Amino acid sequence: MLIWIIDEEWKDYDMEKEQLETRYPGVEIRCSTYDYEKDLEDFGYRADGILAQVYASLPASVINRLQNCKGIAVYGGGYDRIDVKAARAKGISVTNISGYCAEDLADYVVAALYFANKRIAQYSASVAEDSAQGRWGAMAVPFTVHRLSTQTLCIAGLGVIGKTVAARARSLGIRTIACDDFVSREAMEALGVEKVDWEEGFRQADYVSINLKGCDENQDRIGSRLLSLMKPTAWLINTARGKIVDETALMAAVREKRIAGAILDVIKTEPPTGKEPILHCPGIYVTPHISYISVESFRALKERALENLEHMLEGKTPRDLVN
C-alpha cells in the first residue's frame, strides 16, 4: 500500500507515520510538494490514498492518472482545488474537515473585536509622535469609543463556527445578531441570537464576522451593496474564505472611510506573492491564514483526516464525504 502526502505546510508527519504503519504494516508513505508532476510520474500514480493540504491542486488531468486511488483526504475545510466530479467519476472519494477549529476561529474573532475596539494598531503607530507632542493618556485619544458590551456583532453564517463565535460574543455581553438563510429564527433564539436579514444585519452591526461556507454560491457575496449599509465606525472580520468578499469593494470602502476597517485572516489569492493590493491598504489588517492554528486543532485536524482516509481505504463511508 502507498499513501501519498501532498503538502508544504507541516514540519513533520510523525502522527501520520505512526498511525498508518500501525494500522497497515509495510505501508509506504511518500511526500511531495505542490510541484509534484515528477513525483506523479515516478510513484504518485499508484497511490492507494492521498492526504492533501488545502492548497494542493488536484485537477481532473491528475486524478485521471491515478490507478489505485480509493480516496483523497483533505487537511481542512477547503476542497475547491480538487476536481471532486472527476474523482467521483473515477470512483475516488474526497473528504474535507469542518468544525475542528471552531474554538480557535472564535478566539481570533474575539481578539479582532478587542484589537479594533481598543485601536491598538493606531495608538501603537502614533505613540512616538504623540509623546513628542505631549499627547499622553486622554490627550492621545482623538475620539472615544463605546464599550464592547454595548455594541452589536453580526455573524454572517451561523454554522458550527458561527455558533461558537456567537457563544464567545454573548459571554462578553455583546449583542449578537445573525444572518443565515438556512437557520430558523427559533433555532437562533435558542442560542440567544437574533435573526435578521442581510441588509438589516449589516446596517445594525458595529462588527461583522464572516463565517460563511467558501462555496461558489458565496463568491463575492460581501460586496459594495452590503458594505454600503455598514456604519462608518464598523469593522469587517473574515476568517472564512477570501472568495466571499469583494476585495476591490472592501478596499474602496475602507479608503473612502465608509467603514472603519477590516481584519482578514483569508484573502482571495492564497498563498499570496506579497504584491496583492489588499496587503497594502491602510486600515485593512491581514494575517497569514493562521486563525485556526493551535496544538489542539492540529491534532484534531490530523486525526480526522487519517480517520477519513482509513475509512476510504477500507471501503467504508467516511463521515466527511463531499462527493
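Below, each value reflects all heavy atoms present in this structure, side chains not excepted, and no hydrogens, waters or symmetry copies. The structure presented is a predicted model; accordingly, all values stated were derived computationally and were not measured.
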Quiz item: Given a cutoff of under 4.5 Å between side-chain heavy atoms of I, L, V, M, F, W and Y, with clusters grown through shared members, what are the other residues clustered with I177?
Solution: V196
Quiz item: Does any N or O in the side chain of N323 come within less than 3.5 Å of the main-chain N or O of S93, such that one atom is a donor and the other an acceptor?
Solution: no
Quiz item: If every non-hydrogen atom of L212 is compared with every non-hydrogen atom of A240, which pair is closest and at what distance?
Solution: O-CB, 3.3 Å
Practice problem: State, with a plain yes or no, whether a side-chain heavy atom of I161 is found less than 4.5 Å away from one of T164. | Solution: no
Exercise. Classify the side-chain pair Q133/E129 by whether it contains a donor and acceptor separated by less than 3.5 Å.
Key: no
Self-check item: Short N-O contact, E189 and R185, less than 4.0 angstrom
Solution: no
Quiz prompt | Donor-acceptor contact below 3.5 Å, side chain T150 vs main chain H146 | solution = no
Practice problem: Verify the neighbour count for atom NZ of K195: are there more than 12 heavy atoms of other residues, nucleotides or ligands below 6.0 Å? | Solution: yes
Quiz prompt | Residue pair I278 / M251, side-chain heavy-atom distance below 4.5 Å | solution = yes
Quiz prompt | Distance-only side-chain donor-acceptor flag, D104 / S294, under 3.5 Å | solution = yes
Self-check item: ILVMFWY cluster, V165 and F182 together (side-chain gap under 4.5 Å)
Solution: no
Practice problem: Please answer whether the main-chain N or O of W10 pairs with a side-chain N or O of D7 as donor and acceptor at a distance below 3.5 Å. | Solution: yes
Quiz item: Going through the distances and angles, do F115 and Y285 end up as a ring-ring contact (aromatic ring centres under 6.0 Å, His included)?
Solution: CA-CA 10 Å; F115 178 86; Y285 301 90; 5.2 Å; yes
Quiz prompt | Distance in Å, C281 SG paired with L250 CG, rounded so as to fall on 0.5 Å steps | solution = 7.0 Å
Quiz prompt | Check: T152 main-chain N/O paired with D206 side-chain donor or acceptor under 3.5 Å | solution = yes
Practice problem: Please determine, by modelled atom types, if S32 and W4 share a side-chain donor-acceptor pair under 3.5 angstrom. | Solution: yes
Exercise. Say whether, by atom type as modelled, one donor and one acceptor occur between the side chain of D220 and the main chain of G223 under 3.5 angstrom.
Key: no
Quiz prompt | Taking every non-hydrogen atom, the tightest pair across C154 and A205 | solution = CB-CB, 3.6 Å
Exercise. Ignoring hydrogens and angles, state whether a donor on the side chain of R135 or S126 is under 3.5 Å from an acceptor on the partner side chain.
Key: no
Quiz prompt | Short N-O contact, R175 and E194, less than 4.0 angstrom | solution = yes
Quiz prompt | Reference residue K302; test salt bridge (Lys or Arg N to Asp or Glu O under 4.0 Å); the match among E307, E296, E16, E18 | solution = E16
Exercise. Find out whether I50 and L66 are in side-chain contact, i.e. whether some heavy atom of one side chain is under 4.5 Å from a heavy atom of the other.
Key: yes
Quiz prompt | Shortest non-hydrogen contact from K70 toward M312 | solution = CB-O, 3.8 Å
Quiz item: Distance-only, no hydrogens or angles: does the T287 side chain make a donor-acceptor pair with backbone N or O of H289 under 3.5 Å?
Solution: no
Quiz item: Is there a donor-acceptor pair under 3.5 Å between the side chain of H311 and the backbone N or O of L306?
Solution: no
Practice problem: With the side chain counted from C-beta on, respond yes when Y207 and L236 share a heavy-atom pair under 4.5 Å apart, and no when they do not. | Solution: no
Practice problem: Show the numbers, then the answer: is there a side chain to side chain contact (heavy atoms under 4.5 Å, CB included) between W136 and S131? | Solution: CA-CA 6 Å; W136 193 258; S131 299; 3.5 Å; yes
Exercise. Give the C-alpha distance, both sets of side-chain angles, the deciding distance and a yes or no for side chain to side chain contact (heavy atoms under 4.5 Å, CB included) between I3 and L313.
Key: CA-CA 10 Å; I3 302 301; L313 290 171; 3.8 Å; yes
Quiz prompt | Close side-chain approach of L191 and M188, heavy atoms under 4.5 Å | solution = no
Quiz item: Are I263 and Y114 connected in the hydrophobic side-chain network, where two residues link if heavy atoms are under 4.5 Å apart?
Solution: yes
Self-check item: Basic-acidic side-chain contact under 4.0 Å: R225, E199
Solution: yes
Quiz item: Heavy-atom distance under 4.5 Å between the side chains of I155 and V109, does that happen here?
Solution: no
Quiz item: So which heavy atom on R168 is nearest to which on A106, and how close?
Solution: CG-CB, 3.7 Å
Quiz item: When rounded to the nearest 0.5 angstrom, what distance separates CG in L148 from CG in L153?
Solution: 9.5 Å
Quiz item: If you round to the nearest 0.5 Å, how far is NZ of K38 from CG of D42?
Solution: 3.5 Å
Quiz prompt | Hydrophobic cluster identity match, V286 and W235, side-chain contacts under 4.5 Å | solution = no
Exercise. Using atom types as modelled and distance alone, determine if a side-chain donor or acceptor of E276 lies under 3.5 Å from a backbone N or O of G274.
Key: yes
Practice problem: Using a 4.5 Å cut-off on heavy atoms from C-beta on, say whether the side chain of I29 contacts that of L2. | Solution: no
Practice problem: Please answer: with hydrophobic residues joined when any side-chain heavy atoms are less than 4.5 Å apart, are I92 and L309 in the same cluster? | Solution: no
Quiz item: Between Y292 and E103, does any side-chain donor sit less than 3.5 Å from a side-chain acceptor?
Solution: no
Self-check item: Whether over 12 other heavy atoms sit under 6.0 Å from Q151 CD
Solution: yes
Self-check item: Between E310 and Q19, a side-chain donor and acceptor under 3.5 Å
Solution: yes
Practice problem: Return yes if some donor-acceptor pair links the side-chain N/O of R304 with the main-chain N/O of I97 below 3.5 Å, else return no. | Solution: no
Self-check item: Geometric cation-pi criterion R221 and W198, 6.0 Å radius, 45° cone
Solution: yes
Self-check item: Row check, Y45 ring normal vs R65 NZ/CZ: under 6.0 Å, within 45°
Solution: no
Quiz item: Is it true that atom CD of Q67 has more than 12 heavy atoms of other residues, nucleotides or ligands lying nearer than 6.0 Å?
Solution: yes
Quiz prompt | Spatial distance of atom CG (L301) from atom CE (M15) [nearest 0.5 Å] | solution = 9.5 Å
Exercise. Find the distance between CG (L172) and CD1 (I174) and round it off to the nearest 0.5 Å.
Key: 5.0 Å
Quiz item: Closest approach of A140 and D130, non-hydrogen atoms and distance?
Solution: CB-OD2, 4.0 Å
Self-check item: Partner of I6 under side-chain contact (heavy atoms from CB on, under 4.5 Å), chosen from L51, T33, L58, I72
Solution: L58
Quiz item: Would you say the side chains of Y79 and T95 form a donor-acceptor pair under 3.5 Å?
Solution: no
Quiz prompt | Pair E8, Y55: side-chain N/O donor-acceptor within cut-off below 3.5 Å | solution = no
Quiz item: Is a salt bridge present between K243 and D80, judged by a nitrogen-to-oxygen distance below 4.0 Å?
Solution: no
Self-check item: Heavy-atom donor-acceptor pair, N238 side chain to R241 backbone, under 3.5 Å
Solution: yes
Quiz item: Going by atom types alone, do N308 and D320 pair a side-chain donor with an acceptor below 3.5 Å?
Solution: yes
Self-check item: Whether over 12 other heavy atoms sit under 6.0 Å from D35 CG
Solution: no
Quiz item: Which is it for L321 and R88 under the side chain to side chain contact (heavy atoms under 4.5 Å, CB included) test, yes or no, and what are the steps along the way?
Solution: CA-CA 11 Å; L321 186 69; R88 177 45 58 203; 4.1 Å; yes
Quiz item: How about N96 and V94: do any of their side-chain heavy atoms sit closer than 4.5 Å?
Solution: no
Practice problem: Specify the closest pair of heavy atoms between L158 and D180, including all atoms of both residues, with the distance to one decimal. | Solution: N-OD2, 2.7 Å
Practice problem: Look up atom CG in L226 and atom SG in C179, then write down how far apart they are to the nearest 0.5 Å. | Solution: 8.0 Å
Exercise. Consider only side-chain heavy atoms of I, L, V, M, F, W and Y, link residues closer than 4.5 Å, and tell whether V193 and V110 are in one cluster.
Key: yes
